[in-house]
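Structure record follows, encoded as structure tokens.
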Protein chains: 2
Amino acid sequence: MNGSNSADPGSSGVRRRSDATRTAILAAARERFAADGYERATIRAIARDARIDPSMVMRYYGNKEGLFAAAVSVELELPEPGSLPRHDIGRALVTRFLDLWEENEVLTALLRVGATNQAGAERMQGVFREQVMPVALLACPDPEQAPARAALAATQLLGLALTRYVLRFPPTVALTREEIVAWLAPTVQRYLTAPSP
Amino acid sequence: MNGSNSADPGSSGVRRRSDATRTAILAAARERFAADGYERATIRAIARDARIDPSMVMRYYGNKEGLFAAAVSVELELPEPGSLPRHDIGRALVTRFLDLWEENEVLTALLRVGATNQAGAERMQGVFREQVMPVALLACPDPEQAPARAALAATQLLGLALTRYVLRFPPTVALTREEIVAWLAPTVQRYLTAPSP
DNA sequence: AGCCTATGCCAACACTCGTTGGCCAACAAG
DNA sequence: CTTGTTGGCCAACGAGTGTTGGCATAGGCT
């Protein structure tokens with residue numbers, strides 16, 4: 001029925017005249033999903049932001065789910081535990097996470113959607129399983145404990161993101177980057193490498 | 001226009017014939033808000049769960065916002081830092097939070113709604129300010145640092161709730177209550193009472 | 001040039017939502 | 001009993017949603 005194409009302008013070699021429109025749609029979608037969550041981010045509003053007709057969104061991304069899938073793709077690019085001193089992994093992870101949350105709004109969108117949308121939650125689980133777990137597997141002493149230790153680190157890092165970038169608790173927003181690193185790095189370090197209590 | 005009444009059956013002395021209906025509505029609302037968030041928890045679905053007509057919800061609670069306000073009221077009843085040894089406050093807080101999240105779904109509803117709804121986020125800020133901050137004020141050495149320290153403790157506790165009760169990361173769900181307390185209590189304790197790093 | 005596909009907009013469909021007003025039965029007060 | 005009030009349902013409104021199909025047009029091809 002729709003014989004055209006998939007998504008992701010710029011990754012494949014094909015150049016299309018509509019690439020500008022496609023990226024505009026994705027950018028607007030990311031913004032809206034990050035600001036409003038899944039339900040309140042309407043296709044009409046996204047199209048309005050991108051200055052095109054709502055039907056274009058459907059043509060290029062199939063439906064709302066497809067748009068979300070195309071708009072939110074996460075590459076954490078976490079530091080490799082092998083490439084730095086064992087006792088610095090906590091600090092490295094915290095700083096990397098702060099960078100990630102502040103360099104664009106993809107993670108905010110993912111968290112806002114994940115909180116109320118089943119598909120969004122599953123996508124977050126996927127990111128955790130395939131991008132956070134491997135780091136724990138390399139960093140922690142006993143590989144069998146890796147899932148639990150990765151889970152603990154995730155509670156701390158996602159809790160920071162939740163209160164700072166989503167709920168926007170004033171005292172959490174007021175923390176400086178240095179304060180956050182100084183307080184949280186030892187926690188994450190302990191969750192990953194300290195002996196079980 | 002509506003000369004009848006406000007909310008909350010059982011608190012005031014007035015007995016109304018409709019009290020059973022009112023509590024049924026609130027129970028159904030809590031369930032739906034906890035499971036679906038604000039937008040997808042429709043008044044029609046809540047009314048169906050409570051086996052009454054949607055218009056009754058409007059009559060008793062005015063509108064959807066009013067229903068949410070009536071359905072979600074939080075009393076954390078956190079332990080008083082003065083009433084136990086200084087080094088046990090972390091453990092006491094973590095166990096209390098676990099109890100709270102498991103005894104009913106109000107907190108899940110509040111978090112799910114807060115993640116996508118401005119009013120919900122503000123309500124969470126209110127709970128934090130009026131019920132968590134005071135504990136930090138009594139527990140931490142320098143009162144001036146209380147907001148920051150309460151904020152840090154909140155990142156850890158809400159991060160646990162988010163990954164365990166909302167996103168349901170399997171490794172976080174798999175943690176036993178004892179493991180959680182053993183790992184998190186020292187963290188919260190440190191955030192509240194340890195000297196600044 | 002002429003053709004054909006890709007790009008875009010418009011108008012509409014079918015549906016769901018929150019919300020309203022009117023109507024009827026059950027109860028309470030006189 | 002009569003009267004007024006309360007509790008409940010039904011039907012509908014207006015707005016907004018995701019989604020669809022058709023129609024114009026602009027580019028790139030031969």
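Owing to the predicted nature of the structure, the values given are computational and were not obtained by experimental measurement. Chain naming here is simple, since letters A, B, ... match the order of the sequence lines and numbering starts at 1 in each.
- The base of D/dG16 does not come close enough to the side chain of A/Arg44 for any donor and acceptor atom to sit less than 3.5 Å apart.
- Across the interface with DNA chain C, nearest-nucleotide mapping of A/Met56 and B/Asn63 shows A/Met56 to be the residue nearer the 5′ end.
- By the 4.5 Å heavy-atom criterion applied to side chains, B/Phe68 and B/Arg123 are counted as neighbours.
- Straight-line distance from the CZ atom of B/Arg48 to the P atom of D/dC9: 14 Å, rounded to whole Å.
- Phosphate proximity of C/dC9 to A/Ser55: absent, as no side-chain N or O sits under 4.0 Å from OP1 or OP2.
- Between the CZ atom of A/Arg40 and the P atom of D/dG16 there is a distance of 14 Å, rounded to whole Å.
- Protein atom NZ of A/Lys64 is 5 Å distant from nucleotide atom P of D/dG18, rounded to whole Å.
- Note: CG (B/Asp53) to P (D/dC10) measures 7 Å, nearest angstrom.
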Audit row: A/Glu102, A/Arg164, side-chain contact (heavy atoms from CB on, under 4.5 Å) steps and yes/no: CA-CA 11 Å; A/Glu102 273 160 18; A/Arg164 186 175 167 95; 3.7 Å; yes
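- A straight line from CD1 of A/Ile43 to P of C/dA12 spans 20 Å, rounded to a whole angstrom.
- The phosphate of C/dG8 has OP1 or OP2 within less than 4.0 Å of a side-chain N or O from A/Thr21.
- One can place CD1 of B/Ile52 at 14 Å from C1' of D/dC10, the figure rounded to the nearest angstrom.
- Within the structure, a side-chain polar atom (N or O) of B/Tyr60 is placed less than 4.0 Å from OP1 or OP2 of D/dG8.
- Computed from coordinates, the B/Met58 CE to D/dA12 C1' distance equals 15 Å when rounded to whole Å.
- A side-chain donor from one of A/Gln145 and A/Ser196 sits under 3.5 Å from a side-chain acceptor of the other.
- Taking hydrophobic clusters as Ile, Leu, Val, Met, Phe, Trp and Tyr residues chained together by side-chain heavy-atom distances below 4.5 Å, A/Leu76 does not share a cluster with A/Leu137.
- In this entry the distance linking CZ of B/Arg59 with C1' of D/dT5 reads 11 Å, nearest Å.
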